[in-house]
Amino acid sequence: SSIKALIALHFMRRVQAGSESMGALHTQYTGASGSCPLDTSPVSENFRSSLYRMLKNSDNNRAQFFRQRYGNEDINLTATSVVGMTGSQLRHRIGCADSAHTAPNQLTLADNALMYRKIFNTTVLNAAWRDSLRQYLVNEKNYFPIQTKLETIVDQEAALMGMTSIAADYKDGIRYAFKAGSYGLLPISCEYFYSIGGWVLLPLCNGRIAGNEYEFGIFVHGASTDAGASDRLWEASAEIFRDEVKAGLTQWWNACVLA
């Protein structure tokens with residue numbers, strides 16, 4: 001489901017260009033067999049709601065709506081020609097294990113990082129639509145496990161360096177935008193696959209100095225248990241920032257406390 005961010009980018013570029021409208025209504029199918037979306041049980045829904053549910057709730061029916069509307073070829077063209085991704089492609093109906101096994105979607109860490117970099121440096125969206133997309137992606141308001149675990153790291157490192165007085169303000173300044181995903185290929189292979197990719201801003205001096213921005217990603221491939229894959233993903237996605245947090249706390253301390 002991490003590849004849903006690519007689908008969202010394709011849609012948002014159309015909104016930016018004026019060929020789609022967030023408030024326009026469409027027919028949305030809501031039927032499903034497990035996690036696999038079916039073209040049954042239609043309802044009327046606007047694009048804004050469909051985007052929200054695809055990204056915040058990782059709704060496969062909404063992802064399938066956008067995939068059917070634009071087609072794999074056009075979405076993949078955004079990946080290659082607009083973003084410059086070279087090893088990624090959308091290939092199947094997300095959530096359906098049989099097609100995931102025979103025609104898996106492909107998303108590399110390098111391509112995913114490149115996409116978020118170009119979103120947030122306004123190469124592929126202007127600043128207004130970039131900021132709008134960030135609100136639809138999972139962010140600091142949604143309090144996912146990466147946030148709780150990264151805040152624990154902030155507390156740990158601040159305590160070790162004698163900087164606990166700035167820990168709360170530092171945590172309040174962290175910003176996120178990401179999309180995670182998972183597949184359990186059962187009973188085909190009895191393996192679990194988890195992924196996350198996105199953008200993080202670690203603050204400097206409570207906004208008085210601009211923060212440092214990072215693209216990040218983690219894959220867990222072929223885990224034997226669902227819980228084990230999930231635990232590894234969220235632990236690793238926060239742990240990769242430990243050195244950056246230490247440096248950021250030190251910069252904040254020197255700029256805002258000692259200065």
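Heads up: numbering here begins at 1 and tracks the sequence.
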E157 meets the salt bridge (Lys or Arg N to Asp or Glu O under 4.0 Å) criterion, sequence neighbours left out, with R242
Salt bridge (Lys or Arg N to Asp or Glu O under 4.0 Å) partners for K246, two or more places apart: none
Looking just at side-chain N and O atoms, do S195 and K179 make a donor-acceptor pair shorter than 3.5 Å? no
Looking only at side-chain N and O atoms, does Y52 offer a donor or acceptor that is under 3.5 Å from a partner on N57? no
Going by an N to O cut-off under 4.0 Å, is there a salt bridge joining E45 and R53? yes
Between F65 and F47, is the ring centre distance below 6.0 Å? yes
Connected via hydrophobic side-chain network under 4.5 Å: I146 and I240: yes
With clusters defined by side-chain heavy atoms of hydrophobic residues (ILVMFWY) lying less than 4.5 Å apart, directly or transitively, does F66 cluster with W129? yes
What's the verdict on salt bridge (Lys or Arg N to Asp or Glu O under 4.0 Å) for R232 and E239, showing C-alpha distance, side-chain angles and the deciding distance? CA-CA 10 Å; R232 291 175 194 173; E239 188 62 37; over 6 Å; no
Parallel under 30°, tilted from 30 to 60°, perpendicular over 60°: which one fits the rings of H221 and F193? perpendicular
How are the rings of Y214 and F241 set to each other: parallel, tilted or perpendicular (split at 30° and 60°)? perpendicular
Identify the residue among L107, V124, V83, I3 that makes a side chain to side chain contact (heavy atoms under 4.5 Å, CB included) with M115. V83
